[in-house]
Amino acid sequence: MSDLFEKYEGKLPKKVLVELKEATKGLKSPEVKKTLERVYGEFVANKAVPGEAVGIIAAQSIGEPGTQMTMRTFHYAGVAELAVPQGLPRFIEIVDLRKEPSMPVMEIYLTDSIRKDEEKVIAFAERLENVPLSDIATVEEDFAKKRITITFNEMRLNEHGLTVEDAIKKIEKAVRRKAKEKKDNNLVFEPGFNTLRSLRKFVDRIHETKLCGVKGIRKAVVLQEHDGSGWYIKTDGSNLAAVLKMAEVEPSRVYTNHIREIEDVLGIEAARNAVLIEAKAVLDGQGLKVNPRHVMLVADVMCYDGQVRPIGRQGVSGSKSSVFARAAFEETVKHLHAASIKGQKDMLTGITENIIIGQTIPVGTGLVKLGMKQGK
Amino acid sequence: MEGASVYLNGKLIGFHNKPTELVENLRRKRRAGALPHELNAAYYAENDEVYINTDAGRARRPLLVLENGKLKLTQKHIEELKADKIGWKDLLNEGVVEYLDSEEEENAYIAVREEDATPEHTHVEVHPSLMLGVVAACAPFPDHNSSPRVTMASAMLKQALGVYQSNYALRMDTQSHVMHYPQKPLARTKHAEIIGSNDRPAGQNIVLAIMPFGGYNMEDALILNKASVERGLGRTTFYRTYTAEERRYPGGQKDRFELPKPEIQGYRGDEAYRFLGEDGIILPECKVDGGDVLIGKTSPPRFLEEVGELSMIEEKRRENSVTLRPSEAGDVDAVIVTEATTGNKLVKVRVRSLKIPEIGDKFASRHGQKGVVGMIVPQHDMPFTENGITPDIIMNPHAVPSRMTVGHVLEVLGSKAVSLEGEDFLNATAFDRLDYGGLKKMLLKHGFRHDGKEVLYNGVTGEKIEAEIFIGVCYYQRLKHLVSNKIHARSRGPVQILTRQPTEGRAREGGLRFGEMERDTLIGHGTSMLLLERLLKESDIVTELICEKCGTIAVDDQIRKKQYCPICESTNVKPIEMSYAFKLLLNELKALNIRPKVVLEDKA
């Protein structure tokens, strides 16, 4: 039996062979043989032919259905869902690789001991949420006496599982000053600034003080898992590194749509998968049937360098090796001048270059060359 | 401050305790003629603000004034209007009609028709169709068509060929079309009559059958009856005026209208000038073809020539004649010689050409139902009715249901009834309720089916056509998009001087662009050689000599029979095929102080 598989070693990808071994368990030898033959046939038939213009085909295969994408963005009412941009705007965001997506979202699953208990999940979600001081207290400033009074709302404090003492500690740490007096729910600062401006800045700092939560996470909602087996958290705002460190979190199931963050935390392979998953999700969401291999190619092109780069002037197109190809894309004079200063050579290996100089392009029929054996 | 704030032309001028009374008083005084009728007043109860406007630039519309549920317009007024004793101004002065602006409209309660009016209403529309613009109201039955089709009909009404001006023969328009046998439409609107479009009509009443015809009227194409075309259906004349001026140049030189002499730079050959008179201007009624000179003109040289023998400035004048467009032909219709505003001699030549409908010309009814002629069929092959009627135009039935142009169907039915009855016209004004029952009766009276359908016979085989065919009369317009003014193809032809690529556009006998997306398709197919042919061989291919040693473009001195590099003087040069655009790029790089080198290498 195993010699059947041995024959295909090196011919079929290892992962496929493992899957096949698993799937053909319990089959008789001739059946396995037939299966392997069929799979190998399919595999060969689906291989790209040498000289196939895979890039152009991928671009057109995504671009053409893309023209049917609606510019419409969905807005959900209520708290249960978050308005993540869809369709064309989101797709552009992915290939442009924006520093911060317009709506970073995380999906956080907790460890088995917690995730089945809704109460516990909600409690955890509350710990994630960022709570600014202005949410749980009123801040009054008296510019004449140069004093600031903070009055806590105890009910709001309790909601977030905070005590007055905790809060005071956090505020004092954040503003790096000791409070002048502490009375019941009141906290008074007299920072002793002379100018009104510095006092105002100080007040702003107090307002923005985050009392608890994870940096970057503005809101967290608890949702039931699709199979109903437990609860998970969906957040507005993303901070992968911080969330992964939390003990309650099941790290293998955390997800964020922030591609740059994935690259920073998990590395290039994860980022490549993130590009693929996110782009595919947009296309699927619009009901467009695009072969995932085209999207994979785009993800590969964005990542082969070891870092994720956007498609366009700042990224892939702007860092092509050919001077002509870059000059033909954007900022023509800039590239030509830079090339002349460095004395760069264009090896004319790409398509654009060869069209410019009027030679056959190294694709399809243009790739084939005829050589002659010299001598005997 | 107490009371409602009062604004005059947007400026706060005071406060008033009884704003409703204020506004009503203003209106009463306006109707009585004590205040100008341009004044409008409105009270916004929610903001407690009164707006009084008297300034220019407000859109206002006339309405009939209603007082206590009764029109101020009486039978007496109507009779006096009919007798021409009073006019619109009198009605305005008497307060029978008034103009409301958009602000006062907010306070008004307007009844659409007189019979809908209650004591609560303040005004009645003059006519409900006034909600439409001038053009849309000229289309028949716009209230029975879907709105996109009304929009399209409005756009196409303006492209219809007819008699655009009754003095067209005296005018020298750059381009104009005149229809030979225009007819007033059978289905008319009051608006069309008022703006005078029935005095200068643009279209003809034709017999229309709605049925397929061998696939030649698929996708909105139309079948035309050849006999109808020969009798003048849709026939128009196209005029184009060519202009030339004897321009003056700095240095006292000027253009000259004359018969250019053969030694002149750019002489076009004797043939081109054969119609010109002594003064270099063509004679009327000459049959001219594309490229023939209409006005012979020479211009002074662009640069002053060096001093020739006997220290005389040798004048080398340039040919600068006006020629007929290469794709056109016709007869010279009129020639005028006059003076331009600059005081220079000015010549205008109008060329006329007959445009008989042909395959590809665009026609449309007034319901946004446009189509292109797909075939012109001899009359004996057209389907015919029991009475021997053959349609002038056959339209495809698929054009109707999805577009919901009910007005089109109504026009055909109504025009058919009205023409049988011998009535002048059918009132197709918007919102004038159509007497559909009356039309049915008329049709039945003349022995036709009430639904406009008839039995038709196949013109080729004589067999009865199984389905009954909807057939009737409809007003059709020939639109200004004529194939003969658009048709274009090129194999070889002129190229641009700078890039040596084919020129663009029909007027310049240009090529058809093989654009970026087309290029992508060839790359996608991997058809490298085909791509090379499209982008290089069929475009701006050149063979340049390149120096193998230093990579610059070399010189081919044909007099000394020597090929050498001008930089390193090497004679080791190789001919290389490239696009002229690339050679130009190399030159432009040099102009940027960048020295490009072309390194040669053997292929494969």
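Every chain is numbered from 1 and lettered A, B, ... according to where its sequence line falls, protein lines coming before strand lines.
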Do other residues, nucleotides or ligands put more than 12 heavy atoms under 6.0 Å from B:H488 NE2? yes
Under 4.5 Å heavy-atom distance to chain A, tell me which part of B:L586 shows up: side chain, backbone, both or neither. neither
Supply the atom-to-atom distance A:T365 OG1 to B:L531 CG, rounded to the nearest 0.5 angstrom. 9.0 Å
Given 3.5 Å as the limit, does a donor-acceptor pair link the side chain of A:T360 with the main chain of B:L532, or not? no
Nearest heavy atoms of A:Q359 and B:E577, plus distance in Å: NE2-O, 3.7 Å
For A:I56 and B:D520, the nearest pair of non-hydrogen atoms, with its separation, is CG2-O, 3.4 Å
A quick test of your reading: do over 12 heavy atoms of other residues, nucleotides or ligands sit less than 6.0 Å from NZ of A:K280? yes
For A:E331, I'd like to know if atom CD has over 12 heavy atoms of other residues, nucleotides or ligands within 6.0 Å. yes
Flag yes if more than 12 heavy atoms outside B:I359 fall under 6.0 Å of its CD1 atom; otherwise flag no. yes
Honestly, the part of A:I357 sitting under 4.5 Å from a heavy atom of chain B is both
Return the minimal non-hydrogen interatomic distance between A:G366 and B:S528, and the atom names on each side. N-CB, 3.2 Å
Minimum heavy-atom separation for A:I356 to B:F582, with atom names? O-CB, 3.5 Å
So for A:I341, is it side chain, backbone, both, or neither that comes closer than 4.5 Å to the heavy atoms of chain B? neither
Looking at B:E219, I'd like to know if its CD atom is crowded, meaning that more than 12 non-hydrogen atoms belonging to other residues, nucleotides or ligands lie closer than 6.0 Å. no
Give, as side chain, backbone, both or neither, the part of A:I351 having an atom under 4.5 angstrom from any heavy atom of chain B. side chain
Heavy-atom pair count under 4.5 Å with chain A, highest-scoring of B:K597, B:M529, B:M578: B:M529
In this structure, are over 12 heavy atoms from other groups packed under 6.0 Å from B:Y216 atom OH? no
Only one of B:N593, B:L589, B:I594 passes side-chain contact (heavy atoms from CB on, under 4.5 Å) with A:H337, and that residue is B:I594
Does CZ belonging to B:R519 count more than 12 external heavy atoms closer than 6.0 Å? yes
Quick check on the interface: out of A:I57, A:I355, A:V333, A:V49, who has the most heavy-atom pairs with chain B under 4.5 Å? A:I355
Check whether B:I523 gets within reach of chain A through its side chain, its backbone, both or neither, counting any heavy atom under 4.5 Å. both
So does B:E518 have more than 12 non-hydrogen atoms from other groups sitting under 6.0 Å from CD? yes
Give, for atom CE of A:M347 and atom CD of B:E601, the distance between the pair rounded to the nearest 0.5 Å. 6.5 Å
